[in-house]
Student: 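Mind looking over this structure? Questions follow.
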2 protein chains.
Amino acid sequence: MAEMQAMPPEVEGSEATERVLQILSTSARLFATTGYDGTSMRDIAQACNISKSLLYHHFADKDEIFARITLGSTRELVQFVEGRLPEGAAPSVRIRAFMAATGEYFQRYRWAWIASTTAFWNDPQQRRQTERMLWRDRYEGLIRRLIEEAIEVGEIRPLDVPLAGRLVLSALNWMHRWHKQDQGMPAPEVAEAYFDMIFHGLKR
Amino acid sequence: MAEMQAMPPEVEGSEATERVLQILSTSARLFATTGYDGTSMRDIAQACNISKSLLYHHFADKDEIFARITLGSTRELVQFVEGRLPEGAAPSVRIRAFMAATGEYFQRYRWAWIASTTAFWNDPQQRRQTERMLWRDRYEGLIRRLIEEAIEVGEIRPLDVPLAGRLVLSALNWMHRWHKQDQGMPAPEVAEAYFDMIFHGLKR
DNA sequence: CCGGACCCTGACCGACCGGTCAACGAGGGG
DNA sequence: CCCCTCGTTGACCGGTCGGTCAGGGTCCGG
(Lines give C-alpha, C1' and ligand atoms only; values in the text may rest on other atoms or scores of the structure.)
Protein backbone atom coordinates (compact mmCIF):
# COMPACT_ATOMS: atom_id res chain seq x y z
CA MET A 1 0.00 0.00 0.00
CA ALA A 2 0.93 3.58 -0.49
CA GLU A 3 3.94 3.08 -2.68
CA MET A 4 5.99 6.04 -3.68
CA GLN A 5 5.10 7.86 -6.84
CA ALA A 6 7.10 10.39 -8.73
CA MET A 7 4.80 13.34 -8.68
CA PRO A 8 1.33 14.14 -7.41
CA PRO A 9 -1.38 14.19 -10.09
CA GLU A 10 -0.77 17.40 -11.97
CA VAL A 11 -4.31 17.58 -13.19
CA GLU A 12 -4.23 21.29 -13.79
CA GLY A 13 -3.12 21.93 -17.37
CA SER A 14 -3.90 18.35 -18.35
CA GLU A 15 -0.77 18.64 -20.46
CA ALA A 16 1.21 16.18 -18.40
CA THR A 17 3.12 14.43 -21.14
CA GLU A 18 5.57 11.71 -20.21
CA ARG A 19 8.55 13.95 -20.85
CA VAL A 20 7.19 16.77 -18.73
CA LEU A 21 6.49 14.34 -15.93
CA GLN A 22 9.98 12.90 -16.20
CA ILE A 23 11.50 16.35 -16.00
CA LEU A 24 9.36 17.30 -13.03
CA SER A 25 10.03 14.16 -11.02
CA THR A 26 13.74 14.18 -11.78
CA SER A 27 14.02 17.85 -10.92
CA ALA A 28 12.10 17.30 -7.70
CA ARG A 29 14.59 14.67 -6.62
CA LEU A 30 17.55 16.89 -7.46
CA PHE A 31 16.07 20.00 -5.85
CA ALA A 32 15.27 17.97 -2.75
CA THR A 33 18.74 16.51 -2.43
CA THR A 34 20.99 19.35 -3.57
CA GLY A 35 18.80 22.41 -3.24
CA TYR A 36 17.64 24.95 -5.78
CA ASP A 37 20.93 26.79 -6.20
CA GLY A 38 22.82 23.53 -6.00
CA THR A 39 20.95 22.06 -8.95
CA SER A 40 21.88 23.30 -12.40
CA MET A 41 19.89 22.98 -15.57
CA ARG A 42 22.74 20.86 -16.88
CA ASP A 43 22.30 18.51 -13.91
CA ILE A 44 18.61 18.14 -14.65
CA ALA A 45 19.14 17.58 -18.35
CA GLN A 46 21.83 15.00 -17.73
CA ALA A 47 19.72 13.13 -15.17
CA CYS A 48 16.91 13.03 -17.74
CA ASN A 49 19.25 12.00 -20.58
CA ILE A 50 18.09 14.90 -22.68
CA SER A 51 19.68 18.09 -23.89
CA LYS A 52 19.55 21.21 -21.81
CA SER A 53 17.74 23.00 -24.61
CA LEU A 54 14.84 20.61 -24.36
CA LEU A 55 14.18 21.79 -20.85
CA TYR A 56 13.55 25.23 -22.28
CA HIS A 57 11.22 23.78 -24.85
CA HIS A 58 8.95 22.53 -22.09
CA PHE A 59 9.52 25.18 -19.47
CA ALA A 60 10.24 28.89 -19.65
CA ASP A 61 13.08 28.81 -17.14
CA LYS A 62 14.49 27.06 -14.10
CA ASP A 63 12.16 28.91 -11.81
CA GLU A 64 9.09 27.64 -13.63
CA ILE A 65 10.15 24.03 -13.11
CA PHE A 66 10.65 24.69 -9.45
CA ALA A 67 7.41 26.60 -9.08
CA ARG A 68 5.46 23.81 -10.78
CA ILE A 69 6.85 21.33 -8.30
CA THR A 70 6.35 23.35 -5.14
CA LEU A 71 3.01 24.87 -6.05
CA GLY A 72 1.64 21.60 -7.37
CA SER A 73 2.89 19.68 -4.38
CA THR A 74 1.50 22.13 -1.86
CA ARG A 75 -1.89 22.34 -3.56
CA GLU A 76 -2.17 18.57 -3.80
CA LEU A 77 -1.14 18.18 -0.17
CA VAL A 78 -4.00 20.33 1.02
CA GLN A 79 -6.55 18.55 -1.15
CA PHE A 80 -5.12 15.16 -0.22
CA VAL A 81 -5.37 15.87 3.49
CA GLU A 82 -8.77 17.51 3.29
CA GLY A 83 -10.10 14.46 1.47
CA ARG A 84 -8.95 12.18 4.24
CA LEU A 85 -10.56 13.85 7.21
CA PRO A 86 -13.39 11.60 8.39
CA GLU A 87 -16.50 13.74 8.30
CA GLY A 88 -18.56 13.85 11.42
CA ALA A 89 -15.81 12.32 13.54
CA ALA A 90 -14.59 13.91 16.75
CA PRO A 91 -12.11 16.78 16.25
CA SER A 92 -9.29 14.83 17.90
CA VAL A 93 -9.87 11.96 15.47
CA ARG A 94 -9.75 14.43 12.61
CA ILE A 95 -6.50 15.92 13.91
CA ARG A 96 -5.00 12.47 14.04
CA ALA A 97 -6.18 11.84 10.48
CA PHE A 98 -4.71 15.18 9.43
CA MET A 99 -1.32 14.13 10.73
CA ALA A 100 -1.47 10.61 9.34
CA ALA A 101 -2.53 11.89 5.92
CA THR A 102 0.37 14.33 5.89
CA GLY A 103 2.71 11.48 6.75
CA GLU A 104 1.31 9.42 3.94
CA TYR A 105 1.63 12.27 1.50
CA PHE A 106 5.23 12.73 2.53
CA GLN A 107 5.85 9.04 1.98
CA ARG A 108 4.24 9.03 -1.45
CA TYR A 109 5.62 12.18 -2.92
CA ARG A 110 8.82 12.38 -0.95
CA TRP A 111 10.96 14.46 -3.30
CA ALA A 112 8.32 16.97 -4.23
CA TRP A 113 7.45 17.32 -0.57
CA ILE A 114 11.05 17.92 0.48
CA ALA A 115 11.70 20.37 -2.34
CA SER A 116 8.53 22.12 -1.27
CA THR A 117 9.08 22.35 2.46
CA THR A 118 12.69 23.44 2.15
CA ALA A 119 11.97 26.08 -0.47
CA PHE A 120 12.51 29.81 -0.32
CA TRP A 121 10.86 30.43 2.96
CA ASN A 122 12.56 33.77 3.33
CA ASP A 123 13.04 34.87 -0.21
CA PRO A 124 12.66 38.63 -0.26
CA GLN A 125 11.55 38.59 -3.88
CA GLN A 126 8.65 36.22 -3.73
CA ARG A 127 8.98 34.73 -7.15
CA ARG A 128 5.96 32.69 -8.08
CA GLN A 129 5.44 31.70 -4.48
CA THR A 130 2.44 33.82 -3.63
CA GLU A 131 -0.15 31.33 -4.81
CA ARG A 132 1.72 28.56 -3.05
CA MET A 133 1.62 30.57 0.17
CA LEU A 134 -2.14 30.77 -0.13
CA TRP A 135 -2.36 26.99 -0.09
CA ARG A 136 0.15 26.84 2.72
CA ASP A 137 -2.02 29.22 4.73
CA ARG A 138 -5.06 27.11 4.01
CA TYR A 139 -3.18 24.05 5.27
CA GLU A 140 -2.14 25.81 8.46
CA GLY A 141 -5.62 27.30 8.84
CA LEU A 142 -7.05 23.80 8.62
CA ILE A 143 -5.06 22.38 11.52
CA ARG A 144 -5.83 25.49 13.58
CA ARG A 145 -9.54 25.13 12.96
CA LEU A 146 -9.43 21.48 13.94
CA ILE A 147 -7.71 22.40 17.19
CA GLU A 148 -10.25 25.13 17.87
CA GLU A 149 -13.09 22.70 17.32
CA ALA A 150 -11.46 20.26 19.72
CA ILE A 151 -11.31 23.00 22.31
CA GLU A 152 -14.93 23.96 21.73
CA VAL A 153 -16.20 20.44 22.28
CA GLY A 154 -13.93 20.07 25.30
CA GLU A 155 -11.55 17.47 23.93
CA ILE A 156 -8.58 19.83 24.24
CA ARG A 157 -7.95 22.29 27.02
CA PRO A 158 -7.91 26.00 26.14
CA LEU A 159 -4.47 26.99 24.87
CA ASP A 160 -2.53 29.01 22.33
CA VAL A 161 -4.02 27.61 19.11
CA PRO A 162 -1.46 28.99 16.62
CA LEU A 163 1.37 27.66 18.75
CA ALA A 164 -0.26 24.25 19.11
CA GLY A 165 -0.72 24.19 15.35
CA ARG A 166 2.94 25.03 14.85
CA LEU A 167 3.93 22.23 17.20
CA VAL A 168 2.00 19.75 15.08
CA LEU A 169 3.37 21.09 11.80
CA SER A 170 6.93 21.27 13.14
CA ALA A 171 6.92 17.58 13.94
CA LEU A 172 5.62 16.76 10.47
CA ASN A 173 7.79 19.21 8.56
CA TRP A 174 10.99 18.10 10.23
CA MET A 175 10.45 14.43 9.40
CA HIS A 176 12.31 14.63 6.12
CA ARG A 177 15.50 15.45 7.99
CA TRP A 178 15.74 12.08 9.67
CA HIS A 179 13.15 9.69 8.23
CA LYS A 180 14.52 7.18 5.73
CA GLN A 181 12.60 5.53 2.95
CA ASP A 182 11.87 1.87 3.42
CA GLN A 183 13.47 1.82 6.81
CA GLY A 184 12.09 2.17 10.29
CA MET A 185 8.52 3.13 11.05
CA PRO A 186 6.41 4.18 8.03
CA ALA A 187 5.76 7.91 7.97
CA PRO A 188 2.01 7.68 8.66
CA GLU A 189 2.70 5.64 11.77
CA VAL A 190 5.28 8.15 12.90
CA ALA A 191 2.71 10.89 12.45
CA GLU A 192 0.20 8.95 14.53
CA ALA A 193 2.77 8.29 17.23
CA TYR A 194 3.47 12.02 17.28
CA PHE A 195 -0.23 12.69 17.68
CA ASP A 196 -0.50 10.33 20.61
CA MET A 197 2.45 11.95 22.35
CA ILE A 198 1.17 15.46 21.78
CA PHE A 199 -2.45 14.71 22.58
CA HIS A 200 -1.99 12.59 25.68
CA GLY A 201 1.28 14.16 26.79
CA LEU A 202 4.51 12.49 27.80
CA LYS A 203 3.58 12.76 31.46
CA ARG A 204 2.76 9.52 33.20
CA MET B 1 18.25 40.53 28.63
CA ALA B 2 19.63 38.06 26.17
CA GLU B 3 20.28 40.45 23.33
CA MET B 4 21.40 39.08 20.04
CA GLN B 5 25.08 38.73 19.39
CA ALA B 6 26.84 38.17 16.14
CA MET B 7 28.64 34.95 16.86
CA PRO B 8 29.07 32.59 19.75
CA PRO B 9 32.39 32.90 21.58
CA GLU B 10 34.89 31.33 19.23
CA VAL B 11 37.36 30.63 21.96
CA GLU B 12 39.07 27.84 20.10
CA GLY B 13 41.96 29.30 18.14
CA SER B 14 41.93 32.42 20.28
CA GLU B 15 42.66 34.21 17.01
CA ALA B 16 39.33 35.96 16.81
CA THR B 17 40.40 39.30 15.41
CA GLU B 18 37.78 41.90 14.67
CA ARG B 19 38.00 41.33 10.95
CA VAL B 20 37.62 37.57 11.26
CA LEU B 21 34.63 38.06 13.51
CA GLN B 22 33.08 40.50 11.07
CA ILE B 23 33.52 38.03 8.22
CA LEU B 24 32.05 35.19 10.25
CA SER B 25 29.00 37.07 11.46
CA THR B 26 28.31 38.59 8.07
CA SER B 27 28.71 35.24 6.35
CA ALA B 28 26.43 33.59 8.89
CA ARG B 29 23.69 36.08 8.10
CA LEU B 30 24.10 35.57 4.37
CA PHE B 31 24.29 31.78 4.59
CA ALA B 32 21.21 31.78 6.80
CA THR B 33 19.16 33.95 4.47
CA THR B 34 20.29 32.84 1.02
CA GLY B 35 21.86 29.44 1.65
CA TYR B 36 25.36 28.13 1.01
CA ASP B 37 25.13 27.86 -2.76
CA GLY B 38 23.14 31.08 -2.93
CA THR B 39 25.87 33.06 -1.21
CA SER B 40 28.95 33.92 -3.25
CA MET B 41 32.31 35.02 -1.97
CA ARG B 42 31.65 38.30 -3.77
CA ASP B 43 28.45 38.72 -1.77
CA ILE B 44 30.31 38.20 1.48
CA ALA B 45 33.13 40.55 0.55
CA GLN B 46 30.72 43.25 -0.53
CA ALA B 47 28.65 42.94 2.64
CA CYS B 48 31.87 43.32 4.66
CA ASN B 49 33.10 46.23 2.51
CA ILE B 50 36.34 44.43 1.80
CA SER B 51 37.89 42.87 -1.25
CA LYS B 52 37.20 39.29 -2.12
CA SER B 53 40.91 38.51 -1.89
CA LEU B 54 40.98 39.45 1.75
CA LEU B 55 38.59 36.63 2.52
CA TYR B 56 41.22 34.23 1.24
CA HIS B 57 43.83 35.86 3.42
CA HIS B 58 41.84 34.92 6.51
CA PHE B 59 40.26 31.68 5.33
CA ALA B 60 41.43 28.93 3.02
CA ASP B 61 38.18 28.76 1.07
CA LYS B 62 34.43 29.23 1.21
CA ASP B 63 33.93 25.90 2.86
CA GLU B 64 36.20 26.81 5.76
CA ILE B 65 34.13 29.89 6.55
CA PHE B 66 30.99 27.81 6.51
CA ALA B 67 32.52 25.02 8.56
CA ARG B 68 33.75 27.48 11.18
CA ILE B 69 30.25 28.85 11.56
CA THR B 70 28.38 25.57 11.69
CA LEU B 71 30.90 23.63 13.73
CA GLY B 72 31.46 26.49 16.16
CA SER B 73 27.75 27.12 16.50
CA THR B 74 26.89 23.48 17.10
CA ARG B 75 29.67 22.98 19.62
CA GLU B 76 28.72 26.12 21.51
CA LEU B 77 25.07 25.11 21.51
CA VAL B 78 25.80 21.85 23.25
CA GLN B 79 28.01 23.47 25.83
CA PHE B 80 25.55 26.32 26.32
CA VAL B 81 22.65 23.96 26.92
CA GLU B 82 24.63 21.58 29.12
CA GLY B 83 25.69 24.49 31.28
CA ARG B 84 22.10 25.49 31.87
CA LEU B 85 20.66 22.24 33.09
CA PRO B 86 19.92 22.62 36.79
CA GLU B 87 21.86 19.87 38.51
CA GLY B 88 19.94 17.66 40.87
CA ALA B 89 16.59 18.89 39.57
CA ALA B 90 13.88 16.51 38.41
CA PRO B 91 14.34 15.20 34.85
CA SER B 92 11.23 16.98 33.61
CA VAL B 93 12.60 20.26 34.94
CA ARG B 94 15.84 19.57 33.17
CA ILE B 95 14.03 18.80 29.92
CA ARG B 96 12.21 22.10 30.22
CA ALA B 97 15.54 23.84 30.83
CA PHE B 98 17.02 22.05 27.82
CA MET B 99 14.30 23.44 25.61
CA ALA B 100 14.39 26.94 27.07
CA ALA B 101 18.18 27.07 26.72
CA THR B 102 17.96 26.02 23.11
CA GLY B 103 15.40 28.76 22.54
CA GLU B 104 17.68 31.30 24.13
CA TYR B 105 20.62 30.14 22.08
CA PHE B 106 18.55 30.48 18.94
CA GLN B 107 17.56 33.98 19.97
CA ARG B 108 21.13 35.05 20.69
CA TYR B 109 22.96 33.53 17.77
CA ARG B 110 20.12 33.51 15.30
CA TRP B 111 22.08 33.57 12.01
CA ALA B 112 24.70 31.06 13.01
CA TRP B 113 21.95 28.82 14.32
CA ILE B 114 19.93 29.00 11.12
CA ALA B 115 22.97 28.48 8.91
CA SER B 116 23.79 25.51 11.09
CA THR B 117 20.41 23.80 11.24
CA THR B 118 19.72 24.20 7.54
CA ALA B 119 23.15 22.97 6.48
CA PHE B 120 24.08 19.99 4.35
CA TRP B 121 21.97 17.47 6.13
CA ASN B 122 22.13 15.12 3.21
CA ASP B 123 25.43 15.94 1.62
CA PRO B 124 26.86 12.69 0.31
CA GLN B 125 30.39 14.00 0.55
CA GLN B 126 30.58 14.97 4.17
CA ARG B 127 32.96 17.86 3.90
CA ARG B 128 34.20 19.00 7.25
CA GLN B 129 30.92 18.05 8.85
CA THR B 130 31.97 14.90 10.65
CA GLU B 131 33.12 16.66 13.80
CA ARG B 132 29.98 18.77 13.77
CA MET B 133 27.89 15.61 13.56
CA LEU B 134 29.60 14.34 16.69
CA TRP B 135 28.38 17.39 18.58
CA ARG B 136 24.97 17.05 17.02
CA ASP B 137 24.80 13.44 18.21
CA ARG B 138 25.83 14.52 21.66
CA TYR B 139 23.02 17.09 21.66
CA GLU B 140 20.45 14.53 20.60
CA GLY B 141 21.89 12.00 23.02
CA LEU B 142 21.45 14.52 25.79
CA ILE B 143 17.72 15.00 25.27
CA ARG B 144 17.24 11.26 24.93
CA ARG B 145 19.03 10.61 28.20
CA LEU B 146 16.93 13.22 29.95
CA ILE B 147 13.77 11.55 28.68
CA GLU B 148 15.02 8.15 29.77
CA GLU B 149 15.73 9.47 33.24
CA ALA B 150 12.25 10.93 33.41
CA ILE B 151 10.85 7.54 32.51
CA GLU B 152 13.00 5.81 35.12
CA VAL B 153 11.81 8.06 37.92
CA GLY B 154 8.23 7.72 36.72
CA GLU B 155 7.68 11.30 35.56
CA ILE B 156 7.11 10.18 31.98
CA ARG B 157 5.27 7.08 30.85
CA PRO B 158 7.24 4.45 28.96
CA LEU B 159 7.41 5.33 25.28
CA ASP B 160 9.58 5.45 22.17
CA VAL B 161 12.46 7.56 23.45
CA PRO B 162 14.14 8.40 20.12
CA LEU B 163 10.80 9.45 18.71
CA ALA B 164 9.98 11.58 21.73
CA GLY B 165 13.39 13.21 21.42
CA ARG B 166 12.74 13.93 17.78
CA LEU B 167 9.42 15.50 18.63
CA VAL B 168 11.15 17.89 21.01
CA LEU B 169 13.95 18.72 18.57
CA SER B 170 11.54 19.14 15.67
CA ALA B 171 9.62 21.81 17.51
CA LEU B 172 12.85 23.66 18.33
CA ASN B 173 14.51 23.21 14.96
CA TRP B 174 11.51 24.42 13.02
CA MET B 175 11.22 27.65 14.96
CA HIS B 176 13.45 29.59 12.63
CA ARG B 177 10.94 29.11 9.85
CA TRP B 178 8.27 31.21 11.49
CA HIS B 179 9.67 33.01 14.54
CA LYS B 180 10.50 36.66 14.00
CA GLN B 181 13.10 38.66 15.84
CA ASP B 182 11.74 41.25 18.26
CA GLN B 183 8.18 40.25 17.54
CA GLY B 184 5.79 37.94 19.28
CA MET B 185 6.75 35.64 22.09
CA PRO B 186 10.50 35.44 22.85
CA ALA B 187 12.02 32.18 21.72
CA PRO B 188 12.73 30.82 25.22
CA GLU B 189 9.09 31.31 26.17
CA VAL B 190 7.99 29.56 23.01
CA ALA B 191 10.24 26.67 23.91
CA GLU B 192 8.72 26.48 27.38
CA ALA B 193 5.21 26.65 25.98
CA TYR B 194 6.13 23.78 23.69
CA PHE B 195 7.38 21.81 26.66
CA ASP B 196 4.16 22.35 28.56
CA MET B 197 2.08 21.20 25.59
CA ILE B 198 4.21 18.12 24.99
CA PHE B 199 4.60 17.18 28.63
CA HIS B 200 1.03 17.69 29.80
CA GLY B 201 -0.60 16.99 26.46
CA LEU B 202 -3.23 18.96 24.62
CA LYS B 203 -5.99 16.75 26.02
CA ARG B 204 -8.25 18.39 28.54
C1' DC C 1 4.77 16.44 -52.40
C1' DC C 2 4.49 20.22 -49.45
C1' DG C 3 4.14 22.73 -45.11
C1' DG C 4 3.62 23.30 -40.56
C1' DA C 5 3.67 21.60 -35.74
C1' DC C 6 6.23 19.35 -32.46
C1' DC C 7 10.62 17.24 -30.21
C1' DC C 8 14.92 17.70 -29.94
C1' DT C 9 20.01 19.05 -30.52
C1' DG C 10 24.83 21.36 -30.30
C1' DA C 11 27.03 25.60 -30.48
C1' DC C 12 27.14 29.68 -28.42
C1' DC C 13 26.37 34.01 -25.19
C1' DG C 14 27.52 37.21 -21.35
C1' DA C 15 27.62 36.92 -16.52
C1' DC C 16 29.20 35.05 -12.54
C1' DC C 17 31.50 31.37 -9.90
C1' DG C 18 35.53 30.02 -6.50
C1' DG C 19 40.15 30.81 -6.27
C1' DT C 20 45.11 32.74 -7.46
C1' DC C 21 48.68 36.06 -7.83
C1' DA C 22 51.85 39.89 -7.73
C1' DA C 23 52.23 43.86 -5.49
C1' DC C 24 51.43 47.83 -2.37
C1' DG C 25 51.58 50.56 2.05
C1' DA C 26 52.16 50.84 6.83
C1' DG C 27 54.61 49.57 10.92
C1' DG C 28 58.34 47.76 13.66
C1' DG C 29 63.00 45.68 14.86
C1' DG C 30 67.73 45.46 13.62
C1' DC D 1 68.56 52.61 6.62
C1' DC D 2 66.80 47.98 5.23
C1' DC D 3 63.94 44.20 5.53
C1' DC D 4 60.29 41.43 7.06
C1' DT D 5 55.49 40.79 8.37
C1' DC D 6 50.78 41.63 7.87
C1' DG D 7 46.40 43.42 6.11
C1' DT D 8 44.94 44.70 1.88
C1' DT D 9 43.95 45.31 -3.14
C1' DG D 10 42.69 44.80 -8.35
C1' DA D 11 43.55 42.13 -12.25
C1' DC D 12 43.11 37.80 -13.79
C1' DC D 13 42.20 32.47 -14.39
C1' DG D 14 39.50 28.40 -16.07
C1' DG D 15 35.12 26.74 -15.48
C1' DT D 16 30.15 26.78 -14.87
C1' DC D 17 25.93 29.27 -14.64
C1' DG D 18 21.04 30.25 -16.81
C1' DG D 19 19.44 31.11 -21.11
C1' DT D 20 19.28 31.72 -26.52
C1' DC D 21 19.33 30.43 -31.25
C1' DA D 22 19.23 28.34 -35.72
C1' DG D 23 18.16 24.35 -37.42
C1' DG D 24 17.52 18.99 -37.96
C1' DG D 25 14.26 15.11 -37.79
C1' DT D 26 9.74 13.18 -37.82
C1' DC D 27 5.09 12.78 -38.37
C1' DC D 28 0.63 14.19 -40.13
C1' DG D 29 -3.01 16.70 -42.75
C1' DG D 30 -3.90 18.67 -47.22
Side-chain angles (χ1 to χ4, degrees), chain A residues 10 13-71 115 119-120 123-129, chain B residues 7 10 13-70 115 119-120 123-129:
Chain A
E10 287 279 339
S14 76
E15 42 86 6
T17 71
E18 191 138 351
R19 193 58 356 131
V20 168
L21 221 59
Q22 178 201 22
I23 294 174
L24 286 175
S25 62
T26 302
S27 304
R29 178 171 50 84
L30 291 176
F31 285 141
T33 50
T34 60
Y36 181 84
D37 291 312
T39 303
S40 72
M41 293 298 268
R42 284 167 180 80
D43 294 336
I44 297 174
Q46 195 173 21
C48 291
N49 276 318
I50 59 176
S51 71
K52 186 163 63 79
S53 312
L54 187 52
L55 295 176
Y56 290 94
H57 176 73
H58 292 290
F59 300 92
D61 50 30
K62 183 181 178 181
D63 207 46
E64 185 182 300
I65 300 180
F66 190 74
R68 273 280 291 273
I69 293 169
T70 55
L71 172 56
F120 301 133
D123 201 345
Q125 39 159 351
Q126 301 204 352
R127 312 183 194 205
R128 305 172 206 213
Q129 300 287 315
Chain B
M7 292 291 293
E10 287 278 339
S14 76
E15 40 86 10
T17 71
E18 190 139 351
R19 187 73 337 140
V20 168
L21 222 60
Q22 178 202 20
I23 294 174
L24 286 175
S25 62
T26 303
S27 304
R29 178 171 50 83
L30 291 176
F31 285 140
T33 50
T34 59
Y36 181 83
D37 290 313
T39 303
S40 73
M41 293 298 267
R42 283 167 181 80
D43 293 336
I44 297 174
Q46 194 172 23
C48 290
N49 275 320
I50 60 177
S51 71
K52 185 164 63 82
S53 313
L54 188 52
L55 294 176
Y56 290 93
H57 177 72
H58 292 292
F59 298 92
D61 51 28
K62 183 181 178 182
D63 207 46
E64 186 183 301
I65 299 180
F66 190 74
R68 273 281 290 273
I69 293 169
T70 56
F120 301 135
D123 200 345
Q125 38 160 352
Q126 302 203 351
R127 311 182 196 206
R128 304 172 207 214
Q129 300 286 316

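We name chains A, B, ... by the order of the sequence lines, and we start the count at 1 in each one.
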Student: For the side chain of B:H57, starting at C-beta, report the closest nucleotide among D:dG19, D:dC6, C:dC8.
Tutor: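 Ranking D:dG19, D:dC6, C:dC8 by closest atom to the B:H57 side chain puts D:dC6 first.
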
Student: B:N49 has an atom CG; how far is it from atom C1' of D:dT8, in whole Å?
Tutor: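 So the CG-C1' distance, B:N49 to D:dT8, works out to 14 Å.
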
Student: So A:S40, base contact, sugar-phosphate only, or nothing? Heavy-atom distance under 4.0 Å.
Tutor: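 Since only primed, P, OP1 and OP2 atoms lie under 4.0 Å of A:S40, the category is sugar-phosphate.
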
Student: Decide yes or no for A:S27 and A:I69: does some side-chain heavy atom of the first lie under 4.5 Å from some side-chain heavy atom of the second?
Tutor: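 Answer yes - side chains close enough.
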
Student: Could you tell me whether a side-chain N or O of A:T33 sits under 3.5 Å from a main-chain N or O of A:L30, the two making a donor and an acceptor?
Tutor: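 The answer is yes, because a donor-acceptor pair under 3.5 Å joins these two groups.
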
Student: Between B:K62 (NZ) and C:dC16 (P), how many Å, whole number?
Tutor: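 These atoms are roughly 15 Å apart.
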
Student: Take the protein atom CG of B:L55 and the nucleotide atom C1' of C:dC21, then report the distance between them rounded to whole Å.
Tutor: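 Checked: the CG to C1' distance equals 16 Å.
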
Student: Using only side-chain N and O atoms of A:H58, determine if any of them is under 4.0 Å from OP1 or OP2 of C:dC8.
Tutor: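 Yes, such a contact exists.
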
Student: Side-chain donor or acceptor of B:R19 under 3.5 Å from a matching atom on the base of D:dG7?
Tutor: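 No such pair is found, so the answer is no.
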
Student: Tell me, do A:I65 and A:H58 make a side-chain contact under 4.5 Å, heavy atoms counted?
Tutor: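 Answer no - side chains too far apart.
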
Student: Could you tell me the separation between the CG atom of A:L54 and the P atom of D:dG18, rounded to a whole number of Å?
Tutor: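 After rounding, the reported distance stands at 16 Å.
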
Student: Taking atom C1' of C:dA11 as reference, at what distance in whole Å does atom CZ of A:R42 sit?
Tutor: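 A:R42 atom CZ is separated from C:dA11 atom C1' by 12 Å.
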
Student: Specify the separation, in whole Å, of atom OH of B:Y56 and atom P of D:dG7.
Tutor: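 That distance rounds to 18 Å.
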
Student: Can you tell me how far P of D:dT16 sits from NZ of A:K52, to the nearest Å?
Tutor: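 Going from A:K52 (NZ) to D:dT16 (P), I get 13 Å.
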
Student: Measure from CD1 on A:I44 to C1' on D:dC17 and round the result to the nearest Å.
Tutor: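 Checked: the CD1 to C1' distance equals 12 Å.
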
Student: Can you see whether A:Y56 has A:K62 sitting over its ring - NZ or CZ less than 6.0 Å from the centre and within 45° of the normal?
Tutor: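 The answer is no; the distance or angle limit is not met.
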
